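As the structure is a computational prediction, the values presented were derived from the model and not from experiment.
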Amino acid sequence: MTPARLLASGMVLTASAGIIDAVGFIELGGYFTSFMSGNTTQGGAAFVDGVWPTVVLTGSLILLFFIGSAIGAFLAHSGTRWGPALASGAVFAGTAATLALTVAGYPARQTMLVLAATAGAQNAILPMRGAVRLGATFVTGTLYAAGQDLALALRRLAPPLRWLQHLAVWFGLLGGAVLGAFAYRFVGIFTLLLPLAIYAAFTLAHLWAGRLHA
């Protein structure tokens, strides 16, 4: 079982991912900043149909997500006590850059690439504890793990309530997506101020933890 405090932190981060993906989905008109399975399917279908702008867009989103994932992991595992703070700070910076570039008038097909890299980097902020992946920006595997753990619990091969922890992370993404889409109706791109505040809080918390371990 994952400790409740860490699970709550992971749910907050996953909710942030839901907000970001909702904003990106709306801004891009149906493409994703963190759901690379969807982009891959759309890109593959577009390739067959010869819709090259869609192929380029989905390919760019996937590439930037991959690069962001590598950067986030590189920073988080820097070998110093400041690794988590560096990863959180990078995600904060990416979100802030997306907001600033959008306000400056750059098109969504450029600014959302930055947000895709940010979503990739977010996955490195929190390490996996117990059986639950914390702070992830995608939940397909989480839903599978919930079903798997439910089956194992019924056979008394896993803690009886662990499947609910996986499901809680899924609800975090759902709640974030609902909140992001709702807020976007009223404030548009400034919805990103919500995850920006969350990333700032995580960065400060990691900096404080690093200071305590000095």
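Across all their heavy atoms, Gln42 and Gly30 have their closest contact at NE2-O, 3.1 Å. Closest approach of Phe92 to Thr203, counting heavy atoms only: CB-OG1, 4.3 Å. Minimum interatomic distance between Pro53 and Arg109 (heavy atoms only, all atoms of both residues): O-NH1, 3.7 Å. Between Thr33 and Met112, the closest heavy-atom pair is CG2-O, 3.9 Å. The minimum heavy-atom distance between Ala181 and Ala22, with the atom names listed, is N-CB, 3.9 Å. In terms of heavy atoms, Ala76 sits closest to Ala87 at CB-CB, 4.1 Å.
Proximity of a side-chain donor or acceptor of Ser9 to a complementary backbone N or O of Arg5 within less than 3.5 Å is detected. Checked by atom type and distance alone, the side chain of Gln122 pairs as donor or acceptor with a backbone atom of Leu13 at under 3.5 Å. Formation of a donor-acceptor pair under 3.5 Å by the Ser78 side chain with backbone atoms of Phe74 is not found in this model. Judged by distance alone, with hydrogens and angles left aside, the side-chain atoms of Ser88 form no donor-acceptor pair with the main-chain N or O of Tyr199 at under 3.5 Å. Judged by distance alone, with hydrogens and angles left aside, the side-chain atoms of Thr142 form no donor-acceptor pair with the main-chain N or O of Trp170 at under 3.5 Å. The backbone N or O of Phe32 sits less than 3.5 Å from a side-chain atom of Asn39, completing a donor-acceptor pair. Remark: the backbone N or O of Thr137 is paired with a side-chain donor or acceptor of Ser34 at under 3.5 angstrom.
A heavy-atom distance below 4.5 Å is found between the side chains of Phe138 and Asn123. A heavy-atom distance below 4.5 Å is found between the side chains of Val169 and Val132. Looking at Trp163 and Leu152, their side chains never come closer than 4.5 Å, going by heavy atoms from C-beta outward. Under the 4.5 Å side-chain criterion, counting only non-hydrogen atoms from C-beta, Thr41 is not in contact with Thr58. The side-chain heavy atoms of Leu99 and Thr95, taken from C-beta on, include no pair separated by under 4.5 Å. Counting heavy atoms from C-beta outward, Arg162 and Leu150 have side chains that stay 4.5 Å or more apart. When side chains are defined from C-beta on, Phe171 counts as touching Leu167, because their heavy atoms get closer than 4.5 Å. Contact of the Gln110 side chain with the Leu101 side chain is not registered, since no non-hydrogen atoms from C-beta on lie closer than 4.5 Å.
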| request: Verify side chain to side chain contact (heavy atoms under 4.5 Å, CB included) between Thr191 and Phe186, making sure each step is shown before the conclusion. | output: CA-CA 9 Å; Thr191 301; Phe186 300 96; over 6 Å; no
| said: Pair Trp52, Phe47 - check side chain to side chain contact (heavy atoms under 4.5 Å, CB included), show working. | reply: CA-CA 7 Å; Trp52 304 117; Phe47 181 83; 3.4 Å; yes
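Here Thr111 contributes atom OG1 and Leu192 contributes atom CG; the two are 9.0 Å apart, rounded to the nearest 0.5 Å. Atoms CD1 and CZ, on Ile19 and Phe182 in that order, are 13.0 Å from each other to the nearest 0.5 Å. To the nearest 0.5 angstrom, Met36 atom CE is 8.5 Å from Ser69 atom OG. Going from atom CG of Leu207 over to atom CZ of Arg211 covers 11.0 Å, rounded to the nearest 0.5 Å.
Between the side chains of Tyr31 and Thr54, at least one donor N or O lies within less than 3.5 Å of an accepting N or O.
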